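Note sheet for the following structure.
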Amino acid sequence: MPTEKPIYRQCVGELVAALGAGNLTAVTILEALIGRTKELDPELHAFLSVDVEDSLRQASASDRRRMEGRLLGPLDGIPVAIKDIIAEKGRPLTCGSRILGNYVSPYDATVIRRLRTSGLVLWGRTNLDEFAMGSSTESSAFGATKNPWDRTRVPGGSSGGSACCVAAGFAPLALGTDTGGSIRQPAAFCGITGLKPTYGCVSRYGVSAFASSLEQVGPFGRSVEDVALLLSSIAGHDPMDSTSVAMDTSDYLAASRKFRTWTIGVPEEFFKSGLDGEVEAAVRRAIAFYEKSGCRIRTISLPDPSLAIAVYYIICTAEAFSNLSRFDGIRYGLRFPKARDAVDVYFQSRGAGFGEEVKRRILLGAFVLSDGYQNAYYTRAQRIRTRFRRDYLNILTEVDGILTPTTPAAAFPLGGRVQDPLAMYLADIYTVTANLVGLPAISIPCGFTASRLPIGLQIIAKPFAEREILAMANSFQL
Ligand code: GLN
């Protein structure tokens with residue numbers, strides 16, 4: 001029976017069912033996405049590179065496995081788009097930066113290896129803010145991505161290309177990274193679902209580092225269940241990343257269907273000035289939904305989120321300063337050709353290779369770590385981070401989940417904040433704390449503004465409570 005929905009709009013569950021019934025092949029699915037991408041991506045610019053031949057080869061290998069009854073997993077044949085900061089052997093790895101120029105990765109990140117061994121089809125590489133620093137995808141050295149709901153607006157960032165891909169129908173699934181909100185904020189702006197797993201849930205091996213103590217790779221999808229499926233394919237311990245944790249990663253989908261009545265905390269501090277009225281109304285309607293379905297709603301108090309922004313920008317710039325020192329014009333990518341000596345190679349290559357936002361963060365990071373300022377800034381920020389952790393873990397012994405808006409407002413206009421870094425930083429005011437504390441957090445769509453821009457609802461829970469978060473989110477979505 002033909003389904004009503006075009007292939008590029010279907011959720012993973014529908015595609016898997018159609019593959020199983022023999023109504024679709026992995027090649028026909030990918031071809032539909034290729035067509036859709038050719039039609040719309042010249043304007044949206046979600047992809048930085050695609051290798052159509054290689055992806056089609058992977059899709060036909062999956063079809064062959066299916067015919068021979070040797071499927072590698074439940075998602076065998078399903079295409080997934082990859083943020084261009086995650087290493088994939090033989091494909092460009094630009095990190096949205098000129099400094100990596102034409103660099104091609106010689107190896108696979110662990111998450112990519114896992115996707116391959118589960119039979120997923122690796123589709124295009126998606127646009128991002130340079131080295132994942134930004135909230136709009138406008139700091140990409142290769143031009144901005146547009147929001148598919150309104151092409152005059154940003155898709156969010158830094159994983160804006162991945163979010164746009166899923167929202168525009170270029171891929172049913174995508175991977176992003178989230179250091180301070182880069183999965184949840186673009187998911188909210190593009191009207192899809194995005195999960196930042198607990199720190200340690202997913203391996204970071206092969207992911208170009210921006211702020212190592214904060215970031216995680218995570219899934220984007222059109223539904224909570226799709227996100228659960230992709231999480232199962234990437235999560236778990238990896239000997240190549242000592243911060244990854246051994247745990248059972250098998251039943252996220254089943255867990256996402258286990259509904260109960262939860263105790264839900266609503267932090268007053270997240271509904272203060274600066275929150276857009278339409279966003280607040282949509283989030284309050286979502287809270288009312290939970291209450292109606294039998295959950296206990298409790299007003300709670302958490303540290304002021306604007307404090308978290310200050311702490312985040314001290315810690316992430318300090319780590320970026322250190323992580324980005326490896327891009328020196330010697331080992332990877334761009335090298336300035338006419339340098340006088342070794343030091344000049346560094347100066348000229350970094351000067352020409354990095355964009356403005358990356359330079360700003362390297363300078364800030366050098367400052368907060370410098371002699372005389374380290375105690376005043378970096379050490380203090382780490383102390384406050386520890387207090388945040390204590391406060392959040394305390395509250396999370398009393399409530400199962402914390403509900404907040406994902407962002408203070410819906411997607412802003414392209415170019416609207418590029419001249420004002422502080423305004424840009426505030427786009428992450430509600431998301432950064434989950435990274436500082438290492439907690440899992442999801443963004444799901446919860447409505448639209450009057451001008452048809454999507455609004456996101458964030459749910460935060462205890463470390464490694466991904467199953468609970470998925471179930472809470474799914475109970476709202478289903
Ligand atoms: N927008 C935040 C920043 O600019 C978060 C980025 C991210 O999560 N990678 O740092």
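Please read all numbers here as calculations on a predicted model, not as lab measurements. In listed order, ligands and their atoms are each counted from 1.
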Original post:
For residues Ser158 and Asp129, is any side-chain donor paired with an opposing acceptor at under 3.5 Å?
Top reply: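 No - no donor-acceptor pair under 3.5 Å links their side chains.
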
Subject >> Under 3.5 Å side-chain donor-acceptor pair for Thr243 and Arg204 >> reply: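 Their side chains do contain a donor-acceptor pair, which is all the 3.5 Å distance test asks for.
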
Original post:
So, for Phe170 and Trp123, is the gap between ring centers shorter than 6.0 Å?
Top reply: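 No, ring centres 6.0 Å or more apart.
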
**OP:** Please work out which of the three classes, parallel, tilted or perpendicular, describes the rings of Phe327 and Tyr332, given edges at 30° and 60°.
**Re:**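 Answer is tilted, since the angle falls between 30° and 60°.
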
Original post:
What side-chain hydrogen bond (donor to acceptor under 3.5 Å, both in side chains) pairs are there with at least one residue in residues 441-455, not counting sequence neighbours?
Top reply: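 Counting only pairs at least two positions apart or across chains, the side-chain hydrogen bond (donor to acceptor under 3.5 Å, both in side chains) contacts touching residues 441-455 are Thr406-Ser443, Thr449-Ser451.
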
**OP:** Tell me the residues surrounding ligand 1, counting only those with a heavy atom closer than 4.0 angstrom, sorted by chain and number.
**Re:**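 The answer is Ala132, Met133, Gly134, Ser135, Ser158, Asp178, Thr179, Gly180, Gly181, Ser182, Phe210, Tyr312, Tyr313, Arg361, Asp428, counting any residue whose heavy atom sits under 4.0 Å from ligand 1.
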
Subject >> Gap separating the CG atom of Leu453 from the CZ atom of Phe189, nearest 0.5 angstrom >> reply: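 Here the interatomic distance stands at 9.0 Å.
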
